[in-house]
Amino acid sequence: MKIAIASDHGGFALKTALIAPLTEIGLVKDFGPSSSESCDYPDYAGKVALEVASGGADFGVLICRSGVGMAMAANRYQGVRAAICSTTDGATLSRQHNGANVLCLGADVVSTEYAVEIAKAFFATPVDMSERHVRRREKVERAGRLSDASGLAAADPEVFEAIRAQTEQEDTEINLIASENTSSRACREAAGSVLMNKYAEGYPGKRWYSGCLPVDAAEELARKRACELFGAEHANVQPHCGSAANMAVYFACIKPGDTIMSMSLDQGGHLSHGSPVNFSGKIYNIVPYTVDRETERLDYDAIERQAMEVKPQILLAGASAYPRAIDFRRFREICDRCGAIMVVDMAHIAGLVAGGVHESPVPYADFVTTTTHKTLGGPRGGMVLCKEKWAKALDSAVFPGMQGGPLENIIAAKAVVFREWMSDEKKGYAQQVVKNCAVMCKTVQDRGYRIVSGGTDNHLFLVDVKGSRGFTGKEAAAALDAAGIVVNKNTIPYDTESPFRTSGIRVGTASVTTRGMKEQEMIRIGTWIADVLDNIVDVSVQERVKREAKELVAGFPVP
Ligand SMILES: *Cc1c(COP(=O)(O)O)cnc(C)c1O
């Protein structure tokens, strides 16, 4: 057992007296002070709190005259639960019920002998893991979710209100938007950090400004981890979003007017793959490919025939609303035959690739672009991976080609998330996302709804609500929204409705899986979706589902 101890001048004598008896219990690390000269208690509370928060110590002991100032200061640190204990009973309860990990003692309150007894009781008592205590401790941490922004409650109440409302919405709704996820607290801490203060035009080691050592370290971590996680030769982690990542690739390897062959937007492609209203459609000659009318899947032979005729400079694979696995090996063959540069936009499936549940495009593609906030679950941002031979062209396309200073706080958050993905837990998460999606999809399908392509291989599925029940995706999404289930309207292949009305809805399981939901919950949610859509004009069904959904999500707190 590792114990970190510190005091201020008022607690110095008791600290000195406690070190010998505590050394019999565990390994004691003294964080000072080394004399009884006047000092500031928050400085010492902070040292011990950080040691405990980082896992360097199992327990902390902090001593001042009352214990109060030490507890206040230590409790400002995430993961620290500091308790002032003046009796052995109090020490026991603070462990059992509150899971306290820092013991605060008042030198004016307890004798040395009794302080030793209190400490012994504190260290010896296990944390009570029964459901109600776990729940209450979680609520302590959850309040912390809003406390992320609690300074704003006074500094800017209007912005605070928007954050409070978003927090409440995440807490109470079932989010099935396939392009969204829920970030970890660690990711949000990096994203909201002081790294946002730094201008760092250029790349690590080659910046235009002084003082870039800290951000260089963060960006280097992000680049290295991205390459390791995806097995890539080179990574550029600076693009501000997925669209910017795509722009950087086009700028790096083709000229205005060149031809890009990409998946048609109304069949599942993305704006930045060549929509006429997007820069991509304005600058480049876009030739769309489509899915097969019968199977609603990519027909690789048809794509090959088309590519041999069109001879595009870029053949782009990847989509925003395609429920099936994509065969990247086959795309490589086609590119080799028609002489195109192979670009894969894995924005939606990056987490599935990182988790090994979708084949990786990285070995095949010249460039792989992605967002970091979809199945990957990180900060809103973009990234490009490429073969070494494209590294220089890519880096200069991003800077100075199209961006100024990078968002180093967001880059640090990307690094945090890449590290999270190296754990087995995340691999399990990716598998669960896909399992959950298959189960929810089947539940809806079994209620008589036509699923585009007949099912799903990944984290999303598309329901043809028009073909199944005669109303539009817009109407379906609105009814589900009223029932606390958030999806988006989406065109389906060969849709006869406008993109504003659509025939379909898109449903994804990345976010609910992040909350810890499994197959059982997917069956309940799929059943609710069918209940609401079967009775689309019946407000009472929406109200019932909303009530039941709220109850369900209460058991699955957002991280
Ligand atoms: C979401 C998405 C993007 C771009 O995302 P932004 O960060 O919103 O620019 C690019 N490509 C595909 C396939 C996407 O699904």
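Side chains are part of it too, since the values below use all heavy atoms of this structure and drop only hydrogens, waters and symmetry mates. Note that ligands are numbered from 1 as they come in the structure, with each ligand's atoms numbered from 1 the same way. Positions are given from 1, in the same order as the sequence printed here.
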Check: Phe279 ring centroid to Tyr284 ring centroid under 6.0 Å: no

Nearest-contact summary for atom 6 (P) of ligand 1 - protein heavy atom, Å: Gly242 N, 3.6 Å

Atom pair CG/CD1 of Leu552 and Ile525 - distance to nearest 0.5 Å: 6.0 Å

Ligand 1 contact by Arg380, heavy-atom criterion under 4.0 angstrom: no

Proximity flag Gly382 to ligand 1, non-hydrogen atoms under 4.0 Å: no

Salt-bridge contact Glu408-Arg207 (side-chain N to carboxylate O under 4.0 Å): yes

Atoms of ligand 1, numbered as shown, that sit under 4.0 Å from any heavy atom of His373: 7 (O)

Plane angle bin for Trp390 and Phe367 - parallel if under 30°, tilted between 30 and 60°, otherwise perpendicular: tilted

Asp301/Arg305 salt bridge by N-O under 4.0 Å criterion: no

Heavy atom of the protein closest to atom 11 (N) of ligand 1 (residue, atom name, distance): Asp345 OD2, 2.5 Å

Ser320 contact mode with ligand 1 (heavy-atom cut-off under 4.0 Å): both

Donor-acceptor contact below 3.5 Å, side chain Thr491 vs main chain Pro499: no

Minimum-distance protein heavy atom relative to atom 3 (C) of ligand 1: His270 NE2, 3.2 Å

Shortest protein contact, atom 5 (O) of ligand 1 (heavy atom only): Thr371 CG2, 3.4 Å

Any Lys374 heavy atom less than 4.0 Å to ligand 1: yes

His348: numbered ligand 1 atoms lying under 4.0 Å from its heavy atoms: 15 (O)

Per-atom contacts of ligand 1 with Ala319, taking only distances under 4.0 Å to non-hydrogen atoms: 13 (C)

Flag for Ser511-Thr182: side-chain donor and acceptor within less than 3.5 Å: yes

Distance flag, aromatic centroids of Phe328 and Tyr364, threshold under 6.0 Å: no

